[in-house]
Protein chains: 2
Amino acid sequence: MRGRPTISDVAAKAGVSKGLVSFALNDRPGVAPETRERILSAARELGFSPSLRARSLSSARAYALGLVIARDPDILRGDPFFPAFIAGVESELATAGLALVLSVVPDEESELAAYRRLAGDGRVDGFFLTDLRAHDPRIALVDELRLPAVTLGHPDAPSPFPAVSMDDTAGITSAVEHLASLGHSRIAHVAGPGRMLHGSRRRDAFLAAAEACGVKQALVVETDFTAADGARATRELLEGSDPPTAVVYSNDPMAIAGLGVAQRAGIEVPRQLSITGFDGSEIGEHLHPSLSSVVTDASAWGAAAARVLLAAIDGEMLHDTELPPARFLARESTAPPETATSPH
Amino acid sequence: MRGRPTISDVAAKAGVSKGLVSFALNDRPGVAPETRERILSAARELGFSPSLRARSLSSARAYALGLVIARDPDILRGDPFFPAFIAGVESELATAGLALVLSVVPDEESELAAYRRLAGDGRVDGFFLTDLRAHDPRIALVDELRLPAVTLGHPDAPSPFPAVSMDDTAGITSAVEHLASLGHSRIAHVAGPGRMLHGSRRRDAFLAAAEACGVKQALVVETDFTAADGARATRELLEGSDPPTAVVYSNDPMAIAGLGVAQRAGIEVPRQLSITGFDGSEIGEHLHPSLSSVVTDASAWGAAAARVLLAAIDGEMLHDTELPPARFLARESTAPPETATSPH
DNA sequence: CTCGTCCATTGAACCGGTTTAGCTGACTTT
DNA sequence: AAAGTCAGCTAAACCGGTTCAATGGACGAG
C-alpha cells in the first residue's frame, strides 16, 4: 500500500466491497449501522480521503465554481470589489469542499471564450456572473453550456438563473437626498458605462432621486469607470457654464480622482463642491476630506452568491435573494453649497 | 453517440485503437504520419476535446495552479498588486491550457490548511508563493506536499524552488536619493510588517540608502500595511519632536492615507512634507498633489512567475529569474524641504 | 530463404472512485 | 410450507483517458 490509501484499501481493511465503502462514506441508506461504523473507522485509521480526481471523473462533477472577470487591468487595480467579493465566496466554498477557479481576461472578446473553456474542460460546476451588462450574452451562453449560475443583480431580460441582488439604488438615492437637503440644486452624476447594468441603474436612480427632490439641474456624464476617466468627467463638469455644486460618483476611485481635480483647480471640497463616492473603500476614509460614500458589503454579497449557487448545483432552485441595501455614509466631503451657507 | 465525443468515438471513426489516438493527440513518436493525420482530422471533424477529468485521473495531474492569498480583507481591498499579478498569470496559463485555482483565507492560520487542502485534493500541480515571510513555513510545507512552486522574491533560507524576483530595493533607494538630492535630511519610512520579507527588505534598503546619502535622521515606523495603520504611523511621525520633512511609504494606500493626515493637520504637501508611495497605483496619479511612487509591473511579474512554474512542472528547473527593477517615478508629492527653498 | 529488427499498432490493465443489477438470507405473509 | 419482501451486501460495469506489454508485418542482413 504505497502512496495514499484508496477506497480499495479501506474496503479490504473493513472486510467489505468498495461499493459499500462508497455508500457508507456518502451517507447513503442501505448500510447496516454497525458496518458503517466499521467502514468509517477503517477510513479514519488509514487517513483515507477520496481522490477528487476519481470522484470528478465518475460523478461528472468538478467540485469547483468559476468566476470570470473581464476588466481592463487599470480598472481592476483600484477596484475594491472583487477581493472582498472573492473573500466572501471562499468563506462558503471551503466548508463545502469546493474550490474557486478564477479567470481574468482583458476584454469582453476573450470573456465568452473563457466561459466556454472552463465549461468545456469540465472545470467548474457553475458560474458567478458579475458585472452584468445590457443584453448580456453570457446568460444565454452559460445556459447553453448547461451549467447553473447565479447573477449579481437582476439581468435586464428573463434569466434562468437565480439572482442575488444588493439594492445600490437606495444608496444613490439617499446620497442625492442628503445633498438636496443640504441645499444643493445643481448636482451631477459621474456614471459608469451605460452598457453595464449597475452603471445605468445607478444613473437612473440618480435621475429619479434628483427629480423627486426637486433638483434644478441634474447632469450625467458617462465614463468607463477608471480613475482617469473620472478625472476627465470632473474637469468637463467644472469647466462647463453653471457647474454643479455637488457630484455623485458611481465608484470610489473616480470620486478620489475627482477630488484631486477639484483641489487642483483650487476648488475647496466640500465648501465649494460636495463629492460622494461609491463602494466605501477603506482609503476614502483617510483622505482629506474623507469621502462620503455608499458602502456596500461585497464580502456578504460573495457569501450569499456562493450559497445560492451551491444550492442551485444541488438542484434546489432558490428564489432570488435580496441583500440589505447599500447605505450612504456621510463623511466630510459633503456640505451645504457655498451660496447657501457662507455668503461671505 | 450522445453527449460529447470521447476518445473511443475518434478511434472508431479513424479505424484505430484508442491507445493510438492518445499517442497521436499527444504528439508521441511511433505513429505513422499518414495515420496521425487521419486521427487528427477525425478528431477535428467530431469536435473532440479530451476530457480533462479523465486526463487528470489517469495522468495524475490537475492541469491547474494554485494561489493562496492570506491577507486581512482590509489590506486586500486597497491593494493593487494581486489583480494585476493574477492578470499576468492568466495571460500565460490560458495558452498552456491550465487554470488558476484561487484561495483567499483571512489569516495565516487557515493558510497552511488551504495549501494542504488544495494539494491533498490534487487540485493543483504547483503553487505561487507570494508575500514571503521570515522563516516562511509554506516552503517546507509545499516541499513536503511534493509539489513544485515558485517564490516571488528570494526566501531568507535555502529553498528548493526557483525564485522570480523584482528588485524593489532599487526603487526605495532611488526614492531616498531623490529626496536627499532635494535637500531632505530628516526622512522617515513607514514600513510594512517586519515579518514579511518585502517589508523588511524595503526597510533595510531605506536605511542603507539613507546612510549612503548622509541623511541625518532616518526613522522607521512599522505598520500592518493597512491605510488605517499608515495614517496612525504618519500621525506619530508628525507629532514627534523634530518631525521628518519627507516620508517614504512602503505602499500606496498608506501613502495616500498619510497624505490625508498631513493635509488634515494643515501641513502642505509637498511644500512642508514630501511623500512617496510604492506600487504606482493608478489612483495616485490623480490625487492632488499626485503621488510620487515606485512603480512595479505586477502583471509582468505574474507572467514571469507563471512561465517559471510551468517549466518546473514539466521538470525543467529554471534558474532564478530577475525582472527589471522597480523604478521610482517622481510626480508632485516630492519637493525640496521648506527651510531649504522657501525661507519665506 | 530464414532470422532478427524495428516500427506501427492493438488490447488490456489501470487511475480511483460511483452506480446499478443481482444475490443472499432473514423475516413476513397466507 | 411456499411465496413474497426487503435490508444488506457483492461484483462488475462505467467514467474517459494514459500507458505498456505483446503482436503483426515489412524489411534488411546473413
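In what follows, every chain begins at residue 1, and chains take the letters A, B, ... in the order their sequences are listed. Every heavy atom of this structure was used, including side-chain atoms; hydrogens, water molecules and symmetry mates were not.
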Rounded to the Å, how far apart are A:Arg28 CZ and D:dG8 P? 15 Å
In whole angstroms, the gap separating P of D:dT18 from CG of B:Asp27 amounts to 12 Å
Atom OG1 of A:Thr35 and atom CG of A:Leu40: how far apart are they, to the nearest 0.5 Å? 10.5 Å
Looking at B:Pro155, is its backbone amide N or carbonyl O close enough to the side chain of B:Ser159 to form a donor-acceptor pair, meaning the two atoms are under 3.5 Å apart? no
Overall bend of the helix from C:dC1-D:dG30 to C:dT30-D:dA1 (five pairs an end, 10° steps) is 60°
With side-chain contact (heavy atoms from CB on, under 4.5 Å) as the test, would you mind laying out the steps for A:Phe82 and A:Thr130 before giving the verdict? CA-CA 10 Å; A:Phe82 279 108; A:Thr130 65; 3.5 Å; yes
Considering only NZ, NE, NH1 and NH2 on the basic side and carboxylate oxygens on the acidic side, decide whether A:Glu144 and A:Arg138 come within less than 4.0 Å. no
If each of B:Leu20 and A:Ala54 is mapped to the nucleotide of DNA chain C with the nearest heavy atom, which maps nearer the 5' terminus, i.e. the 5' end? B:Leu20
Short N-O contact, A:Asp79 and A:Arg71, less than 4.0 angstrom: yes
Write down the distance between CZ (B:Arg61) and P (D:dT18), rounded to a whole number of angstrom. 11 Å
Within the 4.0 Å heavy-atom criterion, would you say A:Val16 contacts the bases, only the backbone, or no part of the nucleic acid? sugar-phosphate
Choosing from D:dG8, D:dG17, D:dC20, which nucleotide comes nearest the side chain of B:Phe23? D:dC20
B:Arg53 CZ to D:dT18 C1': how many Å, rounded? 18 Å
Are B:Ser49 and B:Arg4 linked by a side-chain donor-acceptor pair shorter than 3.5 Å? yes
Qualifying residues under side-chain contact (heavy atoms from CB on, under 4.5 Å), relative to A:Phe23, sequence neighbours excluded: A:Leu20, A:Arg28, A:Val31
Residue closer to the 5' end of DNA chain C, B:Ser59 versus B:Thr35 (nearest nucleotide): B:Thr35
For a quick check of understanding: with a heavy-atom distance under 4.0 Å over all strands, which category does A:Arg36 fall into, base, sugar-phosphate or nothing? nothing
What is the nucleic acid contact for A:Ser56, judged by heavy atoms within less than 4.0 Å: base, sugar-phosphate only, or nothing? nothing
Using a heavy-atom cut-off of 4.0 Å across all strands, would you classify A:Ser51 as base, sugar-phosphate, or nothing? sugar-phosphate
Ion pair present between A:Glu108 and A:Arg195, side-chain N to carboxylate O less than 4.0 angstrom? yes
D:dC14 P sits how many Å from B:Lys18 NZ, rounded? 12 Å
Name the nucleic acid region contacted by A:Ser22, choosing base, sugar-phosphate or nothing; use a 4.0 angstrom heavy-atom cut-off, strictly under. base
First-last contacting nucleotides on DNA chain C - partner chain A, under 4.0 angstrom, heavy atom: C:dG16 to C:dT20
Distance, nearest 0.5 Å, that separates OG of A:Ser103 from CD1 of B:Ile86: 11.0 Å
